[in-house]
Amino acid sequence: MLTGLLGGSFNPAHGGHRRISLFAREALGLDEVWWLVSPGNVLKPAAGMAPLPARFASARAAARGAPIRVTAIEAELGTRYTIDSLRLLKRRYPKRQFVWLMGTDNLAQFHRWRGWRGIAREMPIAVIARPGYDGAAMTSLAMAWLRRWRRRHSQDFSGAKRSAPALVILHFDPDARSATALRAADPDWYRRIPFVHQRDMLTHRPIVTAARARAR
C-alpha cells in the first residue's frame, strides 16, 4: 500500500486539505492518504490551538467519503518530533510505503524542523504549491539541500516512491483557503463541534483530550 502522510494541526481542517490530498493521491498514484492530526506544535503559538478532539472531529468531517484516514496516532506514540513519528510509523507498518506530503509554506521553514534531513532520508517528499509561498520555498535553506534530489513532474516518480531522498513539487489550481483565515472569521469554531466518543480511524483507540505539545 502506497500511503501519503499529511501532518498538521488541522485547526480546523477544511476543504483545502481535502483537495490537496486528493490531488496528490491522483498525481502520485497513492492508495490512500493519512492525516496525522498533531497533539501540538511548538513552532506555532498555543493560543488559539483548539483541543485535539475538536481538531480531529473537524478533520473527520472534512475527509468524509474520501480515501483519507484521520489519525491522532502521534499522541499515542508519545513522539515529540516528526522525524521520530515517521520512523515509528515505518516500523509499525513495514508493508506500507510512505510519501511525506507538505505545502510550500512548510518547505519554506523545513530547515527549522528537528532532523529535517533525516526526514528526507526516511521517505520521498511531495510538496504541493500554495499561493504566496513558492518564492520563499524555492530559496529556502532546505530547498538548497534537497534540490539535488528533485524529480521533475514530467519524470516517472515511481522509482522515487521506493527510495529517498527524493523530492517532487506538484502544481495545481491554487486554493486560497486556510485555517488561519477560518479562525480569524470564527475564533470559537471548536466550541460547536461535537467530539465525544470518537475513535481513531487507524488505531481504533478513543481520542482523548490530554496530549502534550509536539515540536516539528
Side-chain angles (χ1 to χ4, degrees), residues 4-24 33-64 66 68-86 89 100-110 112-114 119 127-133 136-137 174-203 205-216:
L5 300 176
L6 182 68
S9 301
F10 296 94
N11 186 39
H14 53 79
H17 293 122
R18 179 188 177 104
R19 188 163 176 249
I20 65 171
S21 297
L22 296 180
F23 170 76
V33 176
W34 293 358
W35 285 359
L36 307 180
V37 184
S38 67
N41 182 353
V42 298
L43 293 181
K44 294 183 178 181
M49 185 65 69
L52 174 62
R55 293 185 283 115
F56 182 89
S58 77
R60 283 288 302 263
R64 186 176 291 117
I68 297 170
R69 289 206 218 188
V70 180
T71 177
I73 192 172
E74 288 179 292
E76 177 187 332
L77 295 175
T79 49
R80 184 167 171 78
Y81 297 100
T82 296
I83 179 64
D84 298 323
S85 298
L86 300 187
L89 283 173
W100 181 250
L101 307 175
M102 65 179 177
T104 47
D105 55 329
N106 279 322
L107 179 58
Q109 48 92 53
F110 192 40
R112 297 177 58 196
W113 295 21
R114 173 72 66 88
I119 293 173
V127 178
I128 298 97
R130 288 194 62 190
Y133 294 99
D175 193 316
R177 286 174 288 186
S178 73
T180 302
L182 291 173
R183 289 195 306 274
D186 185 9
D188 296 323
W189 66 269
Y190 61 91
R191 299 185 187 278
R192 296 186 298 276
I193 296 287
F195 53 76
V196 295
H197 308 307
Q198 298 185 104
R199 287 192 175 273
D200 195 287
M201 295 179 69
L202 186 61
T203 67
R205 294 179 180 272
I207 301 298
V208 295
T209 302
R212 60 178 177 165
R214 179 181 62 81
R216 285 297 187 185

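Quick caveat, the model's predicted, so the values are computed rather than measured.
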**Prompt:** For Asp200, which residues count as a salt bridge (charged side-chain N to carboxylate O under 4.0 Å, His left out) partner, sequence neighbours excluded?
**Reply:** none
**Message:** Return the OG to NE2 distance between Ser178 and His14, rounded to the nearest 0.5 Å.
**Reply:** 6.0 Å
**Prompt:** What's the spacing between Leu89 CG and Trp100 CH2 if we round to 0.5 Å?
**Reply:** 9.0 Å
**Asked** Is it the case that Thr82 and Trp113 place a side-chain donor and acceptor less than 3.5 Å from each other?
**Response** no
**Message:** Keeping Thr71 on the side-chain end and Ile73 on the backbone end, is there a donor-acceptor pair under 3.5 Å?
**Reply:** yes
**Request:** Using modelled atom types only, decide if a donor and an acceptor are shared between the side chain of Glu74 and the backbone of Ser85 within a distance under 3.5 Å.
**Result:** no
**Item:** Distance in Å, Ile128 CD1 paired with Leu101 CG, rounded so as to fall on 0.5 Å steps
**Value:** 5.0 Å
**Message:** I need the Leu22 CG to Ile68 CD1 distance, nearest 0.5 Å.
**Reply:** 5.0 Å
**Residues which pass side chain to side chain donor-acceptor pair (under 3.5 Å) with Arg130, listed by chain and number, not counting sequence neighbours** = Asp105
**Prompt:** Can you find a pair of side-chain heavy atoms, one from Trp189 and one from Asn11, that are under 4.5 Å apart?
**Reply:** yes
**Prompt:** Arg205: what forms a side chain to side chain donor-acceptor pair (under 3.5 Å) with it, not counting sequence neighbours?
**Reply:** Glu76
**Request:** Determine yes or no for a side-chain-to-main-chain donor-acceptor pair under 3.5 angstrom, with Arg18 supplying the side chain and Ala62 the backbone.
**Result:** yes
**Request:** Could you check Tyr190 against Arg55 for side-chain contact (heavy atoms from CB on, under 4.5 Å), going step by step and ending with a plain yes or no?
**Result:** CA-CA 8 Å; Tyr190 61 91; Arg55 293 185 283 115; over 6 Å; no
**Asked** Out of curiosity, Leu77 CG to Thr203 OG1, how far, rounded to the nearest 0.5 Å?
**Response** 9.0 Å
